[in-house]
Student: 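Before anything else, here's the structure in question.
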Amino acid sequence: MQLIMEKIRVRFAPSPTGTLHIGGARTALFNWLFARSQQGTFVLRLEDTDLGRSTSESAQGIVDGLQWLGLDWDEGPDIGGPYGPYRQSERLNIYQEYLQRLLNAGHAYYCFCTADELRRQRESAQDDRDAYRYDGACRHLSADEVANRLAQGQKPTVRFKMPQQGTTVVQDLVRGKVEFQNELFDDFIIAKSDGWPTYNFAVVVDDHSMKISHVIRAEEHLPNTPKQLLIYEALGLTPPQFAHVSMILAPDRSKLSKRHGATSVQEFREQGYLAKALVNYLALLGWSPGDDLSLMDIGEMVRRFDLDHVSKSAAIYDIEKMAWMNGHYLAELSSEEVFSMIESDARTRGWLTNDNHDCFIKIIDLLRSRVRVIQDLLPSAEYFFTAPEHYDEKGVEKYFCKPGCIEKLAAVKSLMDIQPFTAGQIEDVIRSRAEIMKLKAADLIHPTRLALSGRTNTPGLFEIMELLGPEACSARLDQAEAYIKALI
RNA sequence: GGUCCCAUCGUCUAGAGGCCCAGGACGCCGCCCUCUCAAGGCGGAGACAGGGGUUCGACUCCCCUUGGGACUACCA
């Protein structure tokens with residue numbers, strides 16, 4: 001027997017009240033992967049019914065972030081689609097239509113209690129043993145009474161009439177069967193007094209009218225799901241399938257927030273992380289391909305993605321592993337690609353000029369395996385452009401303060417007329433000189449490195465010397481000699 | 001407080017009753033390479049939260065405890 005499956009349609013529905021967090025990015029990624037792996041449709045919907053907090057800048061930031069990650073959508077606010085509009089703020093008439101249906105059928109009612117009254121009730125219930133629930137004061141208002149208050153210009157909210165008994169079962173694709181007692185819920189508000197729907201009502205209307213087949217979203221929405229299910233039922237609609245993915249937590253196991261460092265996609269981007277790395281890392285946070293594979297391009301993820309391997313437990317995000325992955329993807333870029341990513345910064349620093357492009361590429365090749373994020377590359381390249389202003393303290397102690405150091409530096413300096421001045425040549429000459437002096441090559445190399453770069457750890461010394469050129473090398477060796485003499 | 005979810009190395013995870021005295025990855029440690037630091041290669045330490053069941057057999061199933069998390073708004 002073959003089941004006729006409806007076309008898979010999923011959505012990512014952020015509220016544009018902030019940046020695209022990595023948690024949201026991962027939810028978007030899972031939806032996207034699911035859609036792409038099932039030949040389904042991925043829709044982007046903006047949940048901007050909170051008029052006070054939603055901003056267009058935030059919406060733009062989210063859109064930019066998704067695009068940067070490479071998560072493209074088939075329908076959305078910018079490109080439209082058959083089930084639009086895709087911005088909740090443009091769907092008021094649709095919500096009102098469904099709201100009216102609920103009102104007419106007696107599944108919802110007007111509530112004239114003010115926000116103030118409600119807040120007071122909630123506060124005084126704080127010390128009680130049980131949870132606060134709306135007392136249903138307006139549930140039984142007569143039709144006349146309602147008409148009267150409406151005529152007076154009072155602006156009511158609309159509440160959903162919660163069944164007082166029975167249980168609602170959420171059949172979750174990652175969590176299995178989850179049951180809720182209806183009596184524990186109160187008559188929650190589905191439309192605010194300004195006429196706009198609240199989240200629990202708007203999602204139902206939107207997911208249904210956009211023909212969403214699978215709702216893949218964060219676990220924090222699981223307790224909302226029974227309310228939504230009851231709305232579907234009251235409306236006589238078939239609900240979509242649900243899959244609640246676990247949360248991403250900060251290293252201290254608390255909910256991710258600004259104090260945990262970079263948490264938004266934008267910040268990672270600015271810090272020099274690669275989209276490929278972020279996508280790969282996020283995919284593995286809460287999902288596993290089933291075998292030992294961990295580095296995957298997005299195509300591989302699409303091929304392997306399935307909801308069965310989405311984990312139920314919360315994941316703590318580990319910046320170390322993220323950085324390692326970034327280093328891996330950084331290594332895969334061509335030098336020119338790395339170059340283009342740091343080009344403007346390099347010009348600003350005055351290091352990149354119109355005629356040192358090739359030299360710059362060589363510097364990138366020397367440094368790239370030594371940094372994990374692109375933004376660290378330039379700061380570690382300073383000595384290629386300016387003579388050291390100070391020398392590493394431990395290095396000074398270890399090399400400069402040792403007897404014979406001046407002689408060693410002088411010996412290297414005497415070699416600066418090497419022809420051609422290439423890494424290979426320089427290495428040959430310095431090594432043989434060390435032999436003549438009955439020294440290990442390292443005895444010449446270490447003080448020279450410190451003299452030229454001010455540091456004890458750098459890429460290969462001979463490559464650095466080639467790029468610096470004989471004049472700069474000589475000058476820096478002189479500078480170091482003067483420094484050492486001043487020490488004594 | 002109430003409701004719900006979750007629980008394998010420090011972290012991300014594999015594991016769908018015997019294949020597991022538990023596999024991989026990051027990190028950590030050691031070795032190799034080597035002019036240092038990275039990168040790379042090789043090796044090592046490191047976990048089934050606790051207690052009861054069920055079963056010939058439990059990391060896997062059930063219950064309790066403990067611990068974490070989410071929700072409890074005219075936010076989403």
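Labels below follow one simple rule: chain letters A, B, ... track the order of the sequence lines, proteins then strands, and each chain is numbered from 1.
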Student: Is it possible for you to check whether K227(A) lies under 6.0 Å from the centre of the six-membered ring of F160(A), through NZ or CZ, and within 45° of that ring's axis?
Tutor: no

Student: Using purine N1 to pyrimidine N3 plus N6-O4 or O6-N4 for Watson-Crick, or N1-O2 and O6-N3 for G-U wobble, each under 3.5 Å, what pairs with C26(B)?
Tutor: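 Paired with C26(B), as far as the under-3.5 Å criterion goes, is G10(B).
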
Student: So what's G1(B) paired with, Watson-Crick or G-U wobble, going by both distances under 3.5 Å?
Tutor: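 Because both required distances fall under 3.5 Å, G1(B) counts as paired with U72(B).
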
Student: Which whole number of Å gives the distance between the P atom of U60(B) and that of C48(B)?
Tutor: 12 Å

Student: Please tell me if K192(A) has a side-chain N or O lying less than 4.0 Å from either OP1 or OP2 of A76(B).
Tutor: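 True: K192(A) side-chain N/O within range (under 4.0 Å) of A76(B) OP1/OP2.
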
Student: Go ahead and name the base partner of A47(B); Watson-Crick or wobble counts if both distances stay under 3.5 Å, otherwise write none.
Tutor: none

Student: State whether T198(A) places a side-chain N or O below 4.0 Å from either non-bridging phosphate oxygen (OP1 or OP2) of C74(B).
Tutor: no

Student: Do K321(A) and C12(B) share a donor-acceptor pair, side chain to base, under 3.5 Å?
Tutor: yes

Student: Does CD belonging to E382(A) count more than 12 external heavy atoms closer than 6.0 Å?
Tutor: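 No, because the 6.0 Å sphere around CD of E382(A) holds 12 heavy atoms or fewer from other groups.
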
Student: Would you say H309(A) places a side-chain N or O within less than 4.0 Å of OP1 or OP2 belonging to G15(B)?
Tutor: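 Answer yes for this pair, as a side-chain N or O of H309(A) is under 4.0 Å from OP1 or OP2.
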
Student: Is the distance from OP1 or OP2 of A73(B) to the nearest side-chain N or O of R119(A) less than 4.0 Å?
Tutor: no

Student: Between the base of A39(B) and the side chain of S369(A), is there a donor and acceptor pair under 3.5 angstrom?
Tutor: no

Student: So, is R431(A) close to the C35(B) phosphate, meaning a side-chain N or O under 4.0 Å from OP1 or OP2?
Tutor: yes

Student: Count the heavy atoms belonging to other residues, nucleotides or ligands that lie under 6.0 Å from CD of E332(A), then report whether that count exceeds 12.
Tutor: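 Atom CD in E332(A) is packed in, count exceeds 12.
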
Student: Which one of E219(A), R217(A), R175(A) satisfies the side chain to side chain donor-acceptor pair (under 3.5 Å) criterion with H244(A)?
Tutor: R217(A)

Student: Now, which nucleotide makes the Watson-Crick or G-U wobble pair with A38(B), with each of the two distances under 3.5 Å?
Tutor: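 Base partner found: none.
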
Student: Name the residue from T49(A), D206(A), T198(A) that meets the side chain to side chain donor-acceptor pair (under 3.5 Å) definition with Y95(A).
Tutor: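 Looking at T49(A), D206(A), T198(A), the match for Y95(A) under the side chain to side chain donor-acceptor pair (under 3.5 Å) is D206(A).
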
Student: Just the rounded figure in Å: distance from C1' of C37(B) to OH of Y383(A).
Tutor: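 Roughly 9 Å, once rounded to whole Å.
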
Student: Does A76(B) have OP1 or OP2 under 4.0 Å away from a side-chain N or O of T49(A)?
Tutor: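 Indeed, a polar side-chain atom of T49(A) lies that close.
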
Student: Can R159(A) be said to sit on top of Y134(A)'s aromatic six-ring, NZ or CZ under 6.0 Å from centre and within 45° of the ring axis?
Tutor: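 Ring-cation test returns yes.
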
Student: Please state whether the phosphate of A14(B), meaning OP1 or OP2, lies under 4.0 angstrom from any side-chain nitrogen or oxygen of S288(A).
Tutor: yes

Student: I'd like a list of close polar pairs between nucleotides 67-71 of chain B and the protein, N/O only, cut-off under 3.5 Å.
Tutor:
residue	atom	partner	partner atom	Å
G68(B)	O2'	R253(A)	NH1	2.8
C71(B)	OP1	E220(A)	OE1	3.3
C71(B)	OP1	K255(A)	NZ	3.4

Student: Can you tell me the distance, in whole Å, between the CG atom of L282(A) and the P atom of U13(B)?
Tutor: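 L282(A) atom CG is separated from U13(B) atom P by 12 Å.
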
Student: Evaluate ring-ring contact (aromatic ring centres under 6.0 Å, His included) for F385(A) paired with F360(A), printing each intermediate quantity in order.
Tutor: CA-CA 10 Å; F385(A) 304 97; F360(A) 220 91; 5.6 Å; yes

Student: At under 4.0 Å, does any side-chain N or O of R372(A) touch on OP1 or OP2 of G27(B)?
Tutor: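 Affirmative; the distance criterion is met.
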
